[in-house]
Structures are given as C-alpha cells and as structure tokens.
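Please read the structure below before turning to the comments.
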Amino acid sequence: MDYTTPAGQVRLLIADLASPPILDDPMLEGYLGMHGYVTGDAGSIELPGIWRAAADALDAIATSEALTSKKIRTQDLSTDGPAVAAELRKQAAALRYKADQKDAEDDSFFEIIPFCGGTRLEGEEWRS
C-alpha cells in the first residue's frame, strides 16, 4: 500500500489499514474525484480536497455501520453500531472543518503597498 498517493493518504486518515481494506482504491478515488482529483495526477488535488474525500469516506462507513450494526446486548457481548456511526461522523466533521480552515488561510492575503507619493503631505492639495 502506497501512503504517498492521494488514495493512500485518505486511507491513512480514515484508518482503513486492514487487509482487505473496508474501501478499495477505486472507491477512494471516487471520493477524491468529487474534490478535483484526476486519477493518476497527484498534483490535481490539494490537502483540503484529501481531507474532504476522507470525510466523505468516513460518512459512507458511518452510514454502512448504522444500517448493518444495531445496538445489541447479550449476556457477554455488547455492540453499539449507532454510537460508532456517530463517532465516525464527528471525525468526518472535524476533517471538513480542518479543510475549511486551510482554505480560508489560503484565500486570505495581506499586501503592503509602498508609499510613493513624493514630498506632498496627506492633506495637501494637488494642483497642476
């Protein structure tokens, strides 16, 4: 597994490291594609897109968990699919927030414009 590719980075973020994985690479590339990734072109997507693709993948896993796993309690075993799904959705929300923060940082700018008005003072009139 190559964790330097966008699909591998998504896999790291969602902790889908088992063999076989929960989501295969074409599925991950589908989520990446929704955020601008062109298959085979690692430069076509930036980090916020990878975080959003990971959030989408976590949402899909959470939905699957909620649909297939119920809250079950037997004598010696207890499972809580809805709680697991809720936690996965929290992780997805955190990744989306992180991506939004990074986009906001990248979109903001501060520019210093040099003063080159000559020798006139601020309130002085300009006459020709």
Side-chain angles (χ1 to χ4, degrees):
M1 188 108 16
D2 184 2
Y3 297 115
T4 61
T5 65
Q9 291 169 349
V10 169
R11 193 171 302 289
L12 278 173
L13 288 168
I14 65 173
D16 186 10
L17 308 174
S19 183
I22 297 169
L23 302 175
D24 60 18
D25 282 351
M27 291 173 153
L28 296 181
E29 288 176 358
Y31 292 123
L32 287 160
M34 289 186 235
H35 299 287
Y37 176 65
V38 176
T39 302
D41 181 10
S44 65
I45 190 164
E46 294 182 7
L47 198 52
I50 292 172
W51 291 334
R52 286 189 180 94
D56 291 345
L58 284 172
D59 279 339
I61 294 169
T63 299
S64 176
E65 183 70 25
L67 291 172
T68 59
S69 300
K70 310 292 183 218
K71 187 169 185 171
I72 302 169
R73 181 170 290 139
T74 63
Q75 293 175 344
D76 59 345
L77 177 66
S78 177
T79 63
D80 194 348
V84 171
E87 185 59 34
L88 290 170
R89 287 191 182 101
K90 282 183 195 175
Q91 290 176 2
L95 284 169
R96 285 191 182 97
Y97 178 77
K98 191 175 180 180
D100 291 344
Q101 292 299 105
K102 178 71 173 146
D103 282 344
E105 287 173 14
D106 291 347
D107 289 343
S108 65
F109 67 95
F110 180 75
E111 186 175 341
I112 297 175
I113 300 172
F115 175 74
C116 49
T119 59
R120 297 192 187 272
L121 299 175
E122 185 177 324
E124 218 175 323
E125 289 184 28
W126 287 80
R127 295 186 183 153
S128 48

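As a basis for the values below, the full set of heavy atoms in this structure was taken, side chains included, without hydrogen atoms, waters or symmetry mates.
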- Task: Show your reasoning for whether side-chain contact (heavy atoms from CB on, under 4.5 Å) applies to Ile22 and Ile14.
- Result: CA-CA 10 Å; Ile22 297 169; Ile14 65 173; over 6 Å; no
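- Considering only heavy atoms from C-beta on, Glu105 comes within 4.5 Å of Lys102 through its side chain.
- Screening Thr5, Asp24, Asp16 for a side chain to side chain donor-acceptor pair (under 3.5 Å) involving Arg11 leaves a single residue, Asp16.
- Side-chain contact between Asp59 and Arg89 is present, with heavy atoms from C-beta onward closer than 4.5 Å.
- Between Gln9 and Thr4, the shortest heavy-atom contact is NE2-O, 3.5 Å.
- Contact of the Asp100 side chain with the Arg52 side chain is registered, since non-hydrogen atoms from C-beta on lie closer than 4.5 Å.
- With a 4.5 Å cut-off on side-chain heavy atoms, Thr79 and Ser69 do not count as touching.
- The heavy-atom pair separating Leu28 from Ala7 by the smallest distance is CD1-O, 3.5 Å.
- For the side-chain contact (heavy atoms from CB on, under 4.5 Å) test, residues two or more places apart in sequence or in another chain that qualify with Ala55 are Ala92, Leu95, Arg96.
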- Check against side-chain contact (heavy atoms from CB on, under 4.5 Å), Ile61 and Gln91: CA-CA 11 Å; Ile61 294 169; Gln91 290 176 2; over 6 Å; no
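- Of all heavy-atom pairs spanning Arg73 and Ser78, the tightest one is NE-OG, 4.0 Å.
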- Give the intermediate values and the outcome of side-chain contact (heavy atoms from CB on, under 4.5 Å) for residues Leu17 and Leu12. CA-CA 7 Å; Leu17 308 174; Leu12 278 173; 4.1 Å; yes
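- Listed here is the closest heavy atom pair of Asp41 and Ser44: O-OG, 2.7 Å.
- Between the Tyr37 side chain and the Gly40 main chain, a donor and an acceptor come within less than 3.5 Å of each other.
- Minimum interatomic distance between Ile45 and Leu32 (heavy atoms only, all atoms of both residues): CD1-CD2, 3.7 Å.
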